[in-house]
Amino acid sequence: MRELSLRTRALSGLALAATSALVLAGCASGSSDNASGATYAAADCAADSTSDNTFKVGTLLPTTGNLAFLGPPEIAGVGLAVADINAAGGVNGTDACVYNTDSGDSSDMSVSTASAEDLIQQKVSFVLGAASSSVSLNVVDAITEAGIVQISPANTAAALSGYSPFYFRVAPPDTVQGNALGQLITGDGNSSVAFLVFNDSYGTGLRDSTEAAIVEAGGEVVYGGQGKGQEFPPSQTTFSSEVTAALSANPDALVVIAFDETKAIIPELVAQGWDMANTYFVDGNTSSFEADFEAGTLEGAQGTIPGAAPSDELKALLTKYWSDVQGEELTDFIYAAESYDATMLAALAATKGGDNTPATIQANLAAVSGANGGEKCTTFAACVDLIKAGKEIQYQGPSSIGPFNELNDPSSAFVGIYQFNNKNVPIWATAVEGKS
């Protein structure tokens, strides 16, 4: 075990001791090539477009299913990146475009299977997605066999580390988030912990990493732990028996690892008298419940989300993009920065290699992330100027990830810690940086 350097920000008393190096740190704000306030427009791909004649972004993101709440911020992140790329002159002499598909969720894999096949037939430059690790595991083989790069903004399952030379992600693996969450829980003085977790590769993987950190810190998992067989299936709608069993174990704290099922779990916890301030959530459900529950229901509860906190500037740009293109308000920003950076990295890899094909992007993606060192740059235009000058670069975007490592994971990444206010909205409190 390594010693940890701590710099406390907004949460006092957070003690971290980890198998990976974790430090409290500030987050990069990010910037944009198109911050003038001009009206944004959709950049839909032409019917005859392929990676041979344009930089064609294919998205595999959730617009239906229990992860649909993640769709708007991720799609907005891609759209804003494409707008910034085109405002800076496009990629290799052509404008970038977007071809969107629905990933669905793990309860119906036929949706992602069909969408992946569509993206392959469309001859996209790269695939941005999926949000769900289980969905990516369903389609990654087909995308790899087609020789197309896949970059996920949100996958965290450890099983995807080094899975394919064509698979990359800009979210850290579960080991980083689980380590941070486990230490947050025990650092708050909790010694016995219960899990309500769905039986999904993301859910069980994150549970296992969190449990390991809890046990290492001297805590105990009293319900829902690894090997206990107490997970529930995805898309379950009633949780009376699970909540009763978990609370009967008399935990100090309870962790909910689920997606949309959380909206049914919370009322059951409240009905059975659980103190919601002793509840911990994760990236799949650390989102606004303002419209779902009575004010104050989740006040004091905490959650973790991989990634740096989006700056106010980035939020304003994402909100304007979504309003201009979709005519709706953007209320969540989860994985928006990661989606933005994944698109930027792919475009810079294409620029470095001189064409927009998947093979070229794959060959240059690690390099533009800074794997070879290089001069730091924060906007597409600035990075392109350095590439054209023959220099190696390290793109540093709003997600604040480190260069890709040999497993195509970010070598470092932030995990944000959030606390719910009296409106049931998670508010960023601090961030933990984890290094592989």
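Being a predicted model, the structure only gives us computed values, none of them experimental.
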Can a donor-acceptor pair be found, under 3.5 Å and without considering hydrogens, that links the side chain of Asp208 to the backbone of Glu211?
no
Do the ring centers of Phe259 and Tyr202 come within less than 6.0 Å of each other?
yes
Please step through side chain to side chain donor-acceptor pair (under 3.5 Å) for the pair Glu329 and Thr319, ending with a clear verdict.
CA-CA 7 Å; Glu329 181 183 2; Thr319 298; over 6 Å; no
dist Asp252:CG -> Asn190:CG (nearest 0.5 Å) comes out at 5.5 Å
Distance only, no hydrogens: is a donor on one side chain within 3.5 Å (strictly under) of an acceptor on the other, for Glu299 and Gln419?
no
Pairing donors with acceptors under 3.5 angstrom, does anything connect the side chains of Asp102 and Thr64?
yes
Once you round to the nearest 0.5 Å, how far does CG of Asn408 lie from OG of Ser152?
12.5 Å
Can a donor-acceptor pair be found between the side chains of Ser287 and Asp332 at a distance below 3.5 Å?
no
Are the side chains of Ser51 and Pro358 in touch, meaning some heavy atoms are under 4.5 Å apart?
yes
Close side-chain approach of Asp118 and Gln122, heavy atoms under 4.5 Å:
yes
Within the 3.5 Å criterion, strictly below it, is a donor on Thr156 or Arg169 matched to an acceptor on the partner's side chain?
no
In the structure I gave you, are the side-chain heavy atoms of Val193 and Val222 within less than 4.5 Å of one another anywhere?
no
Does the side chain of Val368 come within less than 4.5 Å of Tyr395's, by heavy atoms?
no
Is there a side-chain contact between Val78 and Tyr340 (heavy atoms, below 4.5 Å)?
no
Nearest atoms (heavy-atom pairs only) where Ser411 meets Gly402:
OG-C, 3.5 Å
Are the side chains of Leu137 and Leu160 in contact, using a 4.5 Å heavy-atom criterion?
yes
Please give me the minimum heavy-atom distance between Leu330 and Pro73, naming the atom from each residue.
CD1-N, 3.8 Å
Mind checking whether Phe239 and Phe232 have parallel, tilted or perpendicular rings, split at 30° and 60°?
perpendicular
Are a donor atom and an acceptor atom from the side chains of Gln177 and Ser209 found within less than 3.5 Å of each other?
no
Could you tell me whether the side chain of Ser133 and the main chain of Ala157 form a donor-acceptor pair under 3.5 Å?
yes
Is there a donor-acceptor contact under 3.5 Å from the side chain of Asn86 to the main chain of Gly90?
no
Hey, what do you get for CD1 (Ile265) to CD1 (Ile257), rounding to the nearest 0.5 Å?
10.5 Å
Give a yes or no on whether the backbone of Val111 and the side-chain of Ser115 come within a donor-acceptor separation of less than 3.5 Å.
yes
Between Tyr167 and Tyr163 (judged by ring centroids, cut-off 6.0 Å), do the two rings come close enough to count as a pair?
no
With side chain to side chain donor-acceptor pair (under 3.5 Å) as the criterion, how do Gln230 and Glu242 come out once you've worked through the C-alpha distance, each side chain's angles and the decisive distance to 0.1 Å?
CA-CA 8 Å; Gln230 294 165 331; Glu242 286 83 2; over 6 Å; no
Give a yes or no answer on whether the side chain of Gln302 reaches the backbone of Ile417 with a donor-acceptor pair at less than 3.5 Å.
no
Heavy-atom side-chain contact between Leu247 and Leu254 under 4.5 Å:
yes
Assess, by modelled atom type and distance only, whether the side chains of Ser399 and Glu338 contain a donor and an acceptor separated by less than 3.5 Å.
no
Measure across Ile120 and Ala142 and return the closest heavy-atom pair with its distance rounded to 0.1 Å.
CD1-O, 3.7 Å
Six-ring centre of Tyr99, Lys56 cation under 6.0 angstrom, axis tolerance 45°
yes
With no hydrogens and no angle check, is any side-chain donor or acceptor of Asn421 less than 3.5 Å from a backbone partner on Val425?
yes
Hey, does the side chain of Asp105 reach the backbone of Asn66 with a donor-acceptor pair shorter than 3.5 angstrom?
yes
Per side chain to side chain donor-acceptor pair (under 3.5 Å), Ser134 is matched among Ser112, Ser201, Ser107, Ser106 by Ser201
In this structure, is the centre-to-centre distance between the rings of Phe281 and Phe420 below 6.0 Å?
yes
Check for a donor-acceptor pair, side chain of Asn155 on one end and backbone N or O of Ala130 on the other, with a separation under 3.5 Å.
yes
Under the criterion side chain to side chain contact (heavy atoms under 4.5 Å, CB included), I'd like the reasoning laid out for Val256 against Thr279: C-alpha separation, chi angles, the key distance, then a yes or no.
CA-CA 7 Å; Val256 180; Thr279 311; 4.1 Å; yes
Checking side-chain contact (heavy atoms from CB on, under 4.5 Å) against Ile151, which of Val127, Leu365, Thr343 comes through?
Leu365
Given Leu314 and Leu80, is the side chain to side chain contact (heavy atoms under 4.5 Å, CB included) satisfied, shown in steps?
CA-CA 10 Å; Leu314 181 61; Leu80 180 63; 3.8 Å; yes
Filter on ring pair (Phe, Tyr, Trp, His ring centres under 6.0 Å), then keep only pairs touching residues 297-331, sequence neighbours left out; what's left?
Tyr40-Tyr321
Ser125 side, atom OG; Asn356 side, atom CG - distance, nearest 0.5 Å:
5.0 Å
Does the gap between the ring centers of Tyr223 and Phe195 come in under 6.0 Å?
no
Crowded around Glu328 CD? As in, over 12 foreign heavy atoms under 6.0 Å?
yes
Short question: side chain of Asn422, backbone of Gly296 - any donor-acceptor pair under 3.5 Å?
no
Name all residues meeting the salt bridge (charged side-chain N to carboxylate O under 4.0 Å, His left out) criterion together with Glu231; count only those two or more places apart in sequence or in a different chain, and write none if there are none.
Arg207
How long is the span from the CE atom in Met344 to the SG atom in Cys383, to the nearest 0.5 Å?
8.5 Å
In Å, rounded to the nearest 0.5 Å, how long is the span from CD of Gln394 to NZ of Lys376?
5.5 Å
Between Leu60 and Asn100, is a side chain to side chain contact (heavy atoms under 4.5 Å, CB included) present by the stated rule, with each step listed?
CA-CA 7 Å; Leu60 183 64; Asn100 292 310; over 6 Å; no
On a heavy-atom basis, the closest approach of Ala308 and Pro398 is CB-O, 3.7 Å
Side chains of Tyr335 and Leu70, heavy atoms from C-beta outward: is any pair under 4.5 Å?
yes
Would you check if there is a donor-acceptor pair between the side chains of Thr379 and Asp84 at a distance under 3.5 Å?
no
Do Ser103 side-chain atoms and Gly129 backbone N/O form a donor-acceptor pair below 3.5 Å?
no
May I ask you to check whether Asn285 and Thr262 show a side-chain donor-acceptor distance below 3.5 Å?
yes
Output, in order, the C-alpha distance, side-chain angles, deciding distance and verdict of side chain to side chain contact (heavy atoms under 4.5 Å, CB included) for Val255 and Ile185.
CA-CA 9 Å; Val255 184; Ile185 293 167; 3.5 Å; yes
Kindly indicate, with the supporting measurements, whether the criterion side chain to side chain donor-acceptor pair (under 3.5 Å) is fulfilled by Asn138 and Thr113.
CA-CA 7 Å; Asn138 179 54; Thr113 298; 3.0 Å; yes
